[in-house]
2 protein chains.
Amino acid sequence: MAPTIKQIAKLANVSIATVSRALSGDEKVTSETKQLVLNAASELNYRPNILARNFVKGKSNIVGLILPDISDEFFSEIIRGVDETSYDHGYYTMVISSHKNRSLVESVHTLMSNGLVGGFIILIPFMDQKIEAALMHEGVPFVIISGDNNAGEFDTVTTNNYQSAFKMVEFLVNKGYKKIAHISGPADNNDALLRKKGFLDACSKHKIEIKNNWLLDGNFTMESGELAINKILNEDDKPEVIFAANDMMALGCYNAIQSRGLKIPDDIAITGFDDILISKYANPSLTTVKVNTDRIGKLAAERLIEKMDGTNNKTAQKIEIESELVIRNSC
Amino acid sequence: MAPTIKQIAKLANVSIATVSRALSGDEKVTSETKQLVLNAASELNYRPNILARNFVKGKSNIVGLILPDISDEFFSEIIRGVDETSYDHGYYTMVISSHKNRSLVESVHTLMSNGLVGGFIILIPFMDQKIEAALMHEGVPFVIISGDNNAGEFDTVTTNNYQSAFKMVEFLVNKGYKKIAHISGPADNNDALLRKKGFLDACSKHKIEIKNNWLLDGNFTMESGELAINKILNEDDKPEVIFAANDMMALGCYNAIQSRGLKIPDDIAITGFDDILISKYANPSLTTVKVNTDRIGKLAAERLIEKMDGTNNKTAQKIEIESELVIRNSC
DNA sequence: ATCACCGATGTAAACGTTTACACGATAACT
DNA sequence: AGTTATCGTGTAAACGTTTACATCGGTGAT
């Protein structure tokens, strides 16, 4: 049977209230009694019952983390970032991924009302009506990790997709490239949309002509990248460089190009976005944008904990994580 | 304020005990009263306070998942598998990854005694004394995901590293390869050790000579694979095929080989282990062993929940997950 | 010397739920 | 008809912790 404050009280010859106060660092207890209690506690190897504590306090020190129904490297870094930060603040992390038996909206409803978590972080690739409605319930603080920070009056953490895509294009232009194609991500993904927008705006700023058939549609998978690039490799007028909206599609381009016996970057250059693990080791190594995934999780957790602690309940904050160009050998 | 059974009781004109019973499906309540309660509950949009429930029941429906301090694709699939299964059984999943501020052992101690989780799953690459001692505390049911199922009298879920490595070698022998090298993983990793053992035993069974300098040491990273293979590419007597203990090292070999202008598999063939995402898309696609990661998480969770429910408390089970050869173009 | 105040500690209520036990009513025996 | 199960429901205690309030002894001001 796990020791309780009652047993400590008996052992230390004080009341349970004093024990509770001593353990929680109330300054109203003498340092003697405090020492007494602490000794008794460590003698019994006491650990506070978190369930009881959360219950009586009417709030929970558990951070919920709601993930969409795909699993990749990206998520495990987010999880790690959140968990590390939460732990450092005395919180725990509960992961709720949606899957065939559970939608994001369901997860939100559950977490909002069963008292299990004191707040949550939710990853939303694209904000839709249902989710927004579910979030409006309020009651439990939350932070959104999203591609887009225009998500209503919510606290959000985003990457600077637009600016980074913009910078990537400017980098390419400075290198002398004039004929640039873009493979975009899914139409219902805000990261993808913003990257495309950054691409387009940078092109028009620098008077780069955008041919319609050089704006290719992809869906962030390797296959879709391969498919997309194959459409233009057959044509006479080829772009000099292809900027894929993520690394997976860029690597798909590698396949298509290399299986035709063409050379990267001599025949055609490639750049990506995300800097996934493999990009560094691809041949040639891929020029891309490094998204600071760990910082995303970290900052989302920090902001959430501010809200849960009541430290900082001011109006919604829009946090944007800087990301950096990683220049390698693919262009 | 979230509705409680008290309010339901008032609304339905019954006692809170009846409400509790009706909601928990006790057969001792009339279907009329049950209906009454259910109506009131849905009218108030009632959700049971999980914290209170767990607290009073003295047990938790939270599954702890303790991960080592690295993050990759593998883990997010495990997390997903565990979460999905847990959810289907009415449990929640809490992730505790160890990192600079928290060791595996600490995690175990915490989860064992603070009542937060009702059981946990722990990933252990290599069982050491400290961890074993921590686990011996008992009190909270747990399941180990490990490379090796010889981990004492514990419930474990493992992949059949040994057999799969064995099969891989037999496959290579059948293809006519006679000169086979192996790059092994870290010496303190049971998966790695068992794969190496499988390799060695299969070689001796099939009378494949094992040259000492063809037994290379790696540490599961791409760099280590590259480093290892470079040691033998300079020699006159080269192996025909290299069996790396994981895909990352196999891909490291790709780099080394291709940067020397050699061709895979014509000049030298490569095989790996794990079947990570990228292996399918590597050029040439990598022959490897597919580890059923999702099943690992799923079965670990199922076994744990059996124990938590008290359904099946019989002696420790050793579950071994089958994995399969994935034959592609690298050999 | 009296009073007010303060600081340290104790007492007891509260949180939402489950559940052992009590209770009354009805059904099923003799 | 009287006894006894049985069934549905209610009463109240219990879980471990926090915390508002009470208590008590001591200190300083008058």
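First the proteins, then the strands, lettered A, B, ... as listed; each starts at 1. These figures come from a predicted structure and were not determined experimentally.
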Any Leu51(B) side-chain heavy atom under 4.5 Å of Ser60(A) side chain: yes
Find the distance Asp26(A):CG to dG7(C):P and express it as a whole number of Å. 12 Å
Heavy-atom side-chain proximity of Val291(B) to Ile296(B) below 4.5 angstrom: yes
Taking side chain as C-beta onward, heavy atoms only, is Ile124(A) less than 4.5 Å from Phe154(A)? no
What is the ring orientation for Phe120(A) with Phe142(A), classed by angle as parallel under 30°, tilted 30 to 60°, or perpendicular over 60°? parallel
Give, ordered by number, those residues of residues 51-63 of chain A having at least one heavy-atom distance below 4.0 Å to an atom of DNA chain C; if nothing qualifies, reply none. Phe55(A), Val56(A)
Integer-rounded Å distance: dC7(D) P and Glu32(B) CD: 17 Å
Taking the side chain as everything from C-beta on, heavy atoms only, tell me whether Asp83(A) gets closer than 4.5 Å to Arg102(B). yes
Please tabulate, one pair per line, each protein N/O and nucleotide N/O from nucleotides 9-13 of chain C that are separated by under 3.5 Å, including the distance.
unit_1  : atom_1 : unit_2   : atom_2 : d
dT9(C)  : OP1    : Thr30(A) : OG1    : 2.9
dT9(C)  : OP1    : Thr33(A) : OG1    : 3.3
dT9(C)  : OP2    : Thr30(A) : N      : 3.0
dT9(C)  : OP2    : Thr30(A) : OG1    : 2.9
dT9(C)  : OP2    : Thr33(A) : OG1    : 3.1
dG10(C) : OP2    : Ser15(A) : N      : 2.8
dG10(C) : OP2    : Ser15(A) : OG     : 3.1
dG10(C) : OP2    : Thr18(A) : OG1    : 2.6
dG10(C) : N7     : Arg21(A) : NH2    : 2.7
dG10(C) : O6     : Arg21(A) : NH1    : 3.3
dG10(C) : O6     : Arg21(A) : NH2    : 3.2

Mind calculating the distance between CZ (Arg47(B)) and C1' (dG16(C)) to the nearest angstrom? 17 Å
Between Thr18(A) and Ser15(A), is the side chain to side chain donor-acceptor pair (under 3.5 Å) condition met? List the steps. CA-CA 5 Å; Thr18(A) 304; Ser15(A) 74; 3.2 Å; yes
Rounded interatomic separation in angstrom, taking CG from Leu116(B) and P from dG16(D): 16 Å
Interatomic distance, Leu23(A) CG vs dT18(D) P [rounded to whole Å]: 8 Å
Has Arg295(A) got more than 12 heavy atoms of other residues, nucleotides or ligands less than 6.0 Å from its CZ? no
Within this structure, what is the NZ-to-C1' distance between Lys6(B) and dG10(D), rounded to whole angstrom? 15 Å
Any non-hydrogen side-chain atom of Leu67(B) less than 4.5 Å from a side-chain atom of Ile79(B)? yes
Side-chain heavy-atom pair Thr93(A), Ile96(B) within 4.5 angstrom cut-off: no
Using a heavy-atom cut-off of under 4.0 Å over every strand shown, decide if Ser20(A) touches base, sugar-phosphate, or nothing. base
Rounded distance in Å - CD1 (Ile5(A)) to P (dT19(D)): 11 Å
Whole angstroms only, please: what is the CD1-P distance between Ile8(A) and dT18(D)? 10 Å
